[in-house]
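Please read the structure below before turning to the comments.
For the numbers below, each heavy atom of this structure counts, side chains included, while hydrogens, waters and symmetry mates do not. Throughout, residue positions are numbered sequentially from 1 according to the sequence presented.
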Amino acid sequence: MDIKEYFARISYQGSYDKPDLATLTDIFQHHIRAVPFENLSIHCGESIELDVEATYNKIVRKKRGGWCMENNHLLSWVLKTLGYDVTLLGSKVYVPEYDAYADEIDHLLLKVELDDKSYIVDAGFGMAYQMWQPMELISGTDQPQTPGVFRFVEESGVWYLEKVKRKQWVPNQSISASHNVEEVCRRVYLFTLQPRDIEEFRARNAHLQTAPDSLFVTKSICSLQTADGIRALVGWKLTEIKYNYKDNMDLVEIRILADEEMEKTLKEKFNITLDKKFVPINTSRLCLF
């Protein structure tokens with residue numbers, strides 16, 4: 001594995017001799033705009049491995065994306081290589097349809113210690129709840145970013161991540177019953193500061209890509225952060241969001257693709273070329289926005 005090859009993959013040309021917050025933020029933003037959050041392996045007959053060399057080969061050399069356990073595991077290697085103090089953490093994702101958090105840890109994120117402060121670095125949540133900057137680990141303080149206002153709330157050693165979304169302007173609202181057009185505060189996930197090892201995620205990694213009721217089995221997902229928003233392909237639905245488009249509203253544009261458009265869209269919108277046949281799916285009622 002070669003750090004310069006990784007930098008070429010994310011088009012990073014900045015300095016990296018000083019492990020400071022500015023460098024961390026710059027690398028992080030290049031990563032989320034170059035490496036999609038995606039689970040397409042599940043839907044084209046591939047398995048998702050947690051070995052960092054396999055993840056490196058997939059994301060860096062094959063120019064694919066990955067889910068949290070791939071994106072953040074690879075990023076932890078990058079940051080450790082550059083001299084950052086990195087700890088793996090585990091979180092439980094909030095599911096609004098059930099008004100509950102997951103029963104077990106199902107999301108990997110990173111904690112970075114820097115200048116006597118702690119930062120949460122999460123390049124693997126994807127969609128519209130993806131942070132665009134490392135977040136300082138402080139409770140009850142709004143941390144405005146381009147996607148919206150994020151904040152942590154700590155209660156008895158448990159940390160909760162929330163995001164306040166802007167109102168949304170959806171020109172073709174008829175095909176988008178799932179988008180909330182009002183400004184809303186949304187819980188994202190909870191976590192503790194207990195250090196984790198990648199081995200602790202192996203069982204969940206296997207479960208999420210095989211269980212019939214897993215969100216990732218019932219939805220094919222590919223999302224990428226852009227310079228001004230995000231684009232996401234869930235099943236056959238292509239959604240493109242421009243943050244703060246006008247009057248403190250996000251512009252949401254939606255198009256339903258035909259099967260014959262999928263391969264071209266993955267290449268043009270996400271820079272992804274798959275080795276095997278991709279079979280899109282969207283049978284879950286859970287909303288990712």
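Distance check: Leu233 CG to Ser223 OG gives 10.0 Å after rounding to the nearest 0.5 Å. Going from atom OG1 of Thr146 over to atom CD1 of Ile230 covers 13.5 Å, rounded to the nearest 0.5 Å. Here the NZ atom belonging to Lys269 is positioned 11.0 Å from the CG atom belonging to Leu224, to the nearest 0.5 angstrom. If you take CG on Leu79 and CG on Leu110, they are separated by 7.0 Å, rounding to the nearest 0.5 Å. Between the CD atom in Glu263 and the CG atom in Leu274 there is a gap of 8.0 Å [rounded to 0.5 Å]. Atoms CD1 and CE, from Ile198 and Met69 in turn, are 8.0 Å apart once rounded to the nearest 0.5 Å.
Contact annotation: the side chain of Ile272 approaches that of Cys222 to within less than 4.5 Å [non-hydrogen atoms, C-beta and beyond]. Within the 4.5 Å cutoff, the side chain of Met249 has no heavy atoms near those of the Asn244 side chain. In this structure the side chain of Met135 reaches within 4.5 angstrom of the side chain of Gln145, judged on heavy atoms. Two residues are said to be in side-chain contact when any heavy atoms from C-beta on lie closer than 4.5 Å; Ile254 and Leu238 fail this criterion. By the 4.5 Å heavy-atom criterion applied to side chains, Leu161 and Phe150 are counted as neighbours.
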Just do the ring-ring contact (aromatic ring centres under 6.0 Å, His included) check on Tyr243 and Trp132 with the steps written out, would you? CA-CA 12 Å; Tyr243 288 133; Trp132 277 21; 5.6 Å; yes
Could you go through the side-chain contact (heavy atoms from CB on, under 4.5 Å) check for Gln143 and Glu136 one step at a time? CA-CA 8 Å; Gln143 300 190 48; Glu136 187 176 350; 4.1 Å; yes
For Val93 and Tyr101: C-alpha separation, side-chain torsions, deciding distance, then whether side-chain contact (heavy atoms from CB on, under 4.5 Å) applies. CA-CA 5 Å; Val93 174; Tyr101 293 90; over 6 Å; no
Quick one, Glu200 with Ile105, criterion side-chain contact (heavy atoms from CB on, under 4.5 Å). Give me CA distance, side-chain angles, the key distance, then yes/no. CA-CA 9 Å; Glu200 297 179 64; Ile105 287 169; 5.9 Å; no
Quick one: do Asp247 and Trp169 satisfy side-chain hydrogen bond (donor to acceptor under 3.5 Å, both in side chains)? Show the steps, please. CA-CA 10 Å; Asp247 303 329; Trp169 178 40; over 6 Å; no
Please evaluate residues Lys111 and Leu193 with respect to the criterion side-chain contact (heavy atoms from CB on, under 4.5 Å), reporting the C-alpha separation (whole Å), side-chain torsions for both, the decisive distance (0.1 Å), and the verdict. CA-CA 8 Å; Lys111 179 169 69 76; Leu193 302 184; 4.2 Å; yes
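A donor-acceptor contact shorter than 3.5 Å is absent between the side chain of Arg151 and the backbone of Lys163. His207 places no side-chain N or O within donor-acceptor distance of the main-chain N or O of Ala203, the cut-off being under 3.5 Å. Although no hydrogens or angles enter the test, the distance criterion places a donor-acceptor pair under 3.5 Å between the side chain of Asn39 and the main chain of Lys219. Counting only distance, with no hydrogens or angles, the side chain of Ser118 and the backbone of Leu137 share no donor-acceptor pair below 3.5 Å. The backbone N or O of Asn205 lies less than 3.5 Å from a partner atom in the side chain of Gln209, making a donor-acceptor pair. Proximity of a side-chain donor or acceptor of Thr141 to a complementary backbone N or O of Ile138 within less than 3.5 Å is not detected. A side-chain donor-acceptor contact under 3.5 Å links Asn72 to the backbone of Leu108. Looking only at distances, no side-chain donor or acceptor of Tyr245 sits under 3.5 Å from a matching main-chain atom of Asn248. With Asp197 contributing its side chain and Glu199 its backbone, the two residues share a donor-acceptor pair below 3.5 Å. With His43 contributing its side chain and Gly235 its backbone, the two residues share no donor-acceptor pair below 3.5 Å.
Around the CD atom of Gln13, the shell of radius 6.0 Å holds no more than 12 heavy atoms that belong to other residues, nucleotides or ligands. Other residues, nucleotides and ligands contribute over 12 non-hydrogen atoms within 6.0 Å of the CG atom of Asp51. Atom CZ of Phe152 sits in a crowded spot, with more than 12 heavy atoms from other residues, nucleotides or ligands closer than 6.0 Å. Counted within 6.0 Å of CG on Asp115, heavy atoms from surrounding residues, nucleotides or ligands total 12 or fewer; the atom is thus considered open. Around the CD atom of Glu154, the shell of radius 6.0 Å holds more than 12 heavy atoms that belong to other residues, nucleotides or ligands.
Note on Leu286 and Leu288: same hydrophobic cluster, where clusters join Ile, Leu, Val, Met, Phe, Trp and Tyr whose side-chain heavy atoms are under 4.5 Å apart, directly or indirectly. Residues Tyr129 and Val153 do not share a hydrophobic cluster, clusters being chains of Ile/Leu/Val/Met/Phe/Trp/Tyr side chains in contact below 4.5 Å. Tracing side-chain contacts under 4.5 Å through hydrophobic residues (I, L, V, M, F, W, Y), one reaches Leu82 starting from Leu74; they form part of the same cluster. No continuous path of hydrophobic side-chain contacts links Trp67 to Val279 [ILVMFWY only; heavy atoms under 4.5 Å]. Val35 and Tyr12 fall within the same hydrophobic cluster, defined by Ile, Leu, Val, Met, Phe, Trp and Tyr side-chain heavy atoms under 4.5 Å apart, directly or through other members.
When only modelled atom types and interatomic distance are considered, Arg64 and Ser41 share a side-chain donor-acceptor pair under 3.5 Å. In summary, the side chains of His31 and Tyr6 do present a donor paired with an acceptor at a separation below 3.5 Å, with no hydrogens or angles considered. For the 3.5 Å distance criterion, the side chains of Asp20 and Thr23 qualify, holding a donor opposite an acceptor.
A pairwise comparison of heavy atoms in Val86 and Ser76 identifies CG1-CB, 4.0 Å as the closest pair. Here the closest heavy-atom approach between residue Tyr16 and residue Lys4 is recorded as OH-CE, 3.3 Å. For the residue pair Gln133 and Pro144, the shortest heavy atom distance occurs at OE1-O, 4.5 Å. Closest approach of Cys287 and Arg186 over heavy atoms only: O-NH2, 4.4 Å. The two residues Leu109 and Ser91 come nearest to each other via the heavy atoms CD2-CB, 3.5 Å. Phe28 and Val121 get closest at one heavy-atom pair: CD1-CG1, 3.6 Å.
When the options Phe125, Phe201, Phe191, Phe37 are evaluated for a ring pair (Phe, Tyr, Trp, His ring centres under 6.0 Å) with His107, the one that passes is Phe125. In summary, of the residues considered (Arg166, Lys165, Lys167), a salt bridge (charged side-chain N to carboxylate O under 4.0 Å, His left out) with Asp250 occurs for Arg166 alone. Screening Glu268, Glu240, Glu38, Glu253 for a salt bridge (charged side-chain N to carboxylate O under 4.0 Å, His left out) with Arg231, the sole residue that qualifies is Glu240.
The existence of a salt bridge linking Glu162 and Arg187 is excluded, since no basic side-chain nitrogen approaches an acidic carboxylate oxygen closer than 4.0 Å. A salt bridge is defined here as a Lys NZ or Arg NE, NH1 or NH2 lying under 4.0 Å from an Asp or Glu carboxylate O, and Glu261 with Lys264 fails to meet this definition. For Lys58 and Glu70, the salt-bridge test passes: some basic side-chain N is under 4.0 Å from an acidic carboxylate O. Note on Asp275 versus Lys62: salt bridge recorded, some NZ/NE/NH1/NH2 to OD/OE distance being below 4.0 Å.
With ring centers used as reference points, Tyr94 lies 6.0 Å or more from Tyr189.
Note: Trp77 and Tyr56 have perpendicular aromatic rings, judged against thresholds of 30 and 60 degrees for the angle between ring planes.
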